[in-house]
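Single-structure report; data block below.
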Amino acid sequence: MKLEELFSYRRSTRMYKNQQITEEQLQQILAAAQNAPLAVGNRPKARLTVVQNPELLDEIRKCCQTESRKSPGVIRDSLYGAPTLILVSESILSEDRIELCDAACIIENMMLEATSLGLGCCYIWGCLSKLRANSVLLEKLELAKEQVILSGFICGTPVKPLYAKEREPISVRRL
């Protein structure tokens, strides 16, 4: 798939089949993460935690449930039933929080690779404050005490196949 085509297929998937991704797919996604551009010196501080254990994923789902923005009062699974969650964490956050940009670069690389493999994926962020506050789950995730979860990535086989999508343009102002 050409790069321009890949961009048009890349989207947030919120419905997944109940099947795990293959080990080969996971390794390709993790390899893409390794190629993300990070701020100078941040590579040793970054950590990826892959969660595929169904019981642990269910605990994280229960912890991270949120109210639907589209349907107030409806509680939803913030992981959308995805079989794989990859958390991006850092051990030390700088004053300017450049590590959040690093996490975004890591996740976008993983998302582009997942899309190229025909997998659905979604950036997970807002609900993670609940996970960061849950010391029991943090211990189960085997995160070092100084590790802070910055963002998450979910992926799996989408219920509906990916397709090129026309997007509303982002406003551009040239000066």
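The figures that follow rest on heavy atoms only: side chains count, while hydrogens, waters and symmetry mates do not. Owing to the predicted nature of the structure, the values given are computational and were not obtained by experimental measurement.
From Glu108, atom CD reaches atom OH of Tyr123 across 9.0 Å, with rounding to the nearest 0.5 Å.
For Gln27, the CD atom sits in a packed shell: over 12 heavy atoms of surrounding residues, nucleotides or ligands are nearer than 6.0 Å. Around CD of Glu142, the count of heavy atoms belonging to other residues, nucleotides or ligands within 6.0 Å does not exceed 12. In the displayed structure, Asp96 atom CG is contacted under 6.0 Å by more than 12 heavy atoms of other residues, nucleotides or ligands.
The shortest distance between side-chain heavy atoms of Lys140 and Ile60 does not fall below 4.5 Å. Within the 4.5 Å cutoff, the side chain of Ile29 has heavy atoms near those of the Leu119 side chain. Residues Arg47 and Leu143 meet the side-chain proximity criterion, which asks for heavy atoms closer than 4.5 Å. With contacts defined as side-chain heavy-atom distances shorter than 4.5 Å, the pair Gln147/Leu138 does not qualify. Looking only at side-chain heavy atoms (C-beta outward), Leu112 and Thr115 stay at 4.5 Å or farther from each other. Residues Val88 and Asp102 have side chains not in contact (no heavy-atom distance under 4.5 Å, counting atoms from C-beta outward).
Between the side chain of Arg132 and the backbone N or O of Val148 there is no donor-acceptor pair closer than 3.5 Å. Not one N or O on the side chain of Ser151 forms a donor-acceptor pair closer than 3.5 Å with the backbone of Ala103.
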